[in-house]
Amino acid sequence: MKKLVLMMLAGLFMISCASKQNAEQQAEEPAAKKVLVLYFSVTNTTKQMAEYIQQKTGADIEALELVNAYSTVYDEIIKRSGEEREGNVLPELKPLKANVADYDVIFLGYPLWFGTYAQPVKTLLASGALNGKTVVPFCTSGSSGVKQSVDEMHSTYPTINIADCMGVRSSLMDKMPATVDRVLINLGLIEGQNEALADYSAQQAPTAEETEIFNAAISTYPMMNGTQAVSVGSRTTSKGTDYKFVGEANGAKMDIYITKENSGAAPYFTAVDR
Ligand SMILES: Cc1cc2nc3c(=O)[nH]c(=O)nc-3n(C[C@H](O)[C@H](O)[C@H](O)COP(=O)(O)O)c2cc1C
């Protein structure tokens, strides 16, 4: 994880260094970065996020299309993608219309399938099309965080410069614009100021109140039933309190990120990193 964070920071640093140099070297405005949003989406949740990024950046946008498209019936997608995953089958993509080499930054969007990027994105990455490029992975999911997919992308394709990343749960799409804006500001692609976020405090045993917040947040997602809060760290933000819980279910530990806003709204979890 440390390695990933360092690498992401290095990516950001390189991007901000490059723009600083340009500003010093040229009297006129540096050339705008060419941005492409590439995404895969079956039920259009990731598509919404892709389109938002496109609108905010004025990027070009393209959906990955399969030669043999998935059904949109949930059980059928699960069956086919499960078989492809088990058999390590890479579903064939139609050729991209965009020439990836023309772009400085590529936003790569996908639904999380079985904890990582959906199989068609595996096809794209395995083609080598993004090797050596600056990529910003983004995903939507039921509950899982973006981390596992980014770790996998980094270890399998080490020449890809992962500049930043973001994930949004499909039930929290109302919070998607704020998540995206934060990354776009970080990358210097839109104007704005991000709130500086403190580190989480050290993990310690949860208080009764924190356990209540944990239980309330996970109660909205039946697959989290039976998960216990083991420890927690927190930080205060302008909106409320963010918690990073370590949870445990069936002997497996996971990080669960929960926010409780000052508005008094029910606490909600934003990601589960297994
Ligand atoms: C085959 C399959 C596997 C999935 N696996 C996960 C998963 O491991 N973790 C998760 O949180 N959500 C999982 N989901 C839920 C999707 O990530 C989520 O619904 C996503 O927002 C769908 O994006 P789309 O509408 O762009 O296709 C899975 C969905 C499918 C169809």
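The chain is numbered in sequence order, starting from 1. Order of appearance sets the numbers: ligands from 1, and atoms from 1 within every ligand.
Under the 4.0 Å criterion applied to side-chain N and carboxylate O atoms, D242 and R235 are assigned as salt-bridge partners. A salt bridge links K79 with E83: at least one charged nitrogen is closer than 4.0 Å to a carboxylate oxygen.
Note: an N/O pair closer than 3.5 Å links G115 and ligand 1 by distance alone. Taking only nitrogen or oxygen atoms, main chain and side chain alike, S143 reaches within less than 3.5 Å of ligand 1. Taking distance alone, with nitrogen or oxygen atoms compared against 3.5 Å, I77 stays at or beyond that limit from ligand 1. Considering backbone and side-chain N/O atoms, N44 comes within less than 3.5 Å of an N/O atom of ligand 1. Checking only distances, S170 never comes within under 3.5 Å of ligand 1, N or O to N or O.
When each of L36, D60, I61, V35 is paired with Q54, the side chain to side chain contact (heavy atoms under 4.5 Å, CB included) condition holds for I61 and for no other.
Of all atoms in ligand 1, numbered sequentially from 1 with element shown, those under 4.0 Å from a heavy atom of V42 are 24 (P), 26 (O), 27 (O). Close contacts of ligand 1 with T46, meaning ligand atoms under 4.0 Å from a residue heavy atom, involve 23 (O), 24 (P), 26 (O).
For the pair L38/F107, no side-chain contact is recorded, criterion being any heavy-atom separation below 4.5 Å from C-beta on. Between P91 and Y70, some side-chain heavy-atom pair lies under the 4.5 Å cut-off.
Between the choices G82, S144, G109, the shortest heavy-atom distance to atom 9 (N) of ligand 1 belongs to S144.
Closest to atom 1 (C) of ligand 1, if we only count protein heavy atoms, is S81 OG, 3.1 Å. Ranking protein heavy atoms by distance to atom 5 (N) of ligand 1, first place goes to F114 N, 2.9 Å. When hydrogens are left out, the protein atom nearest atom 4 (C) of ligand 1 is L112 O, 3.4 Å; that is the closest non-hydrogen contact. Looking at atom 22 (C) of ligand 1, its nearest protein heavy atom turns out to be P111 CB, 3.6 Å. Ranking protein heavy atoms by distance to atom 2 (C) of ligand 1, first place goes to W113 CD1, 3.4 Å. The protein heavy atom nearest to atom 20 (C) of ligand 1 is T140 OG1, 3.4 Å. Distance from atom 25 (O) of ligand 1 to its nearest protein heavy atom, with residue and atom name: T43 OG1, 2.4 Å. The nearest heavy-atom contact from the protein to atom 15 (C) of ligand 1 is G142 N, 3.8 Å.
In the model, E261 has a side-chain atom that pairs as donor or acceptor with a side-chain atom of Y268 under 3.5 Å. Residues Y200 and D255 have side chains that never bring a donor and an acceptor to within less than 3.5 angstrom of each other. Between the side chains of Y110 and S149, a donor-acceptor pair is found at a separation under 3.5 Å.
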Task: Check against side-chain contact (heavy atoms from CB on, under 4.5 Å), T227 and Y221 - done: CA-CA 11 Å; T227 309; Y221 200 71; over 6 Å; no
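Cation-pi contact between K34 and Y103: present, with separation from the ring centre below 6.0 Å and deviation from the ring axis of at most 45°.
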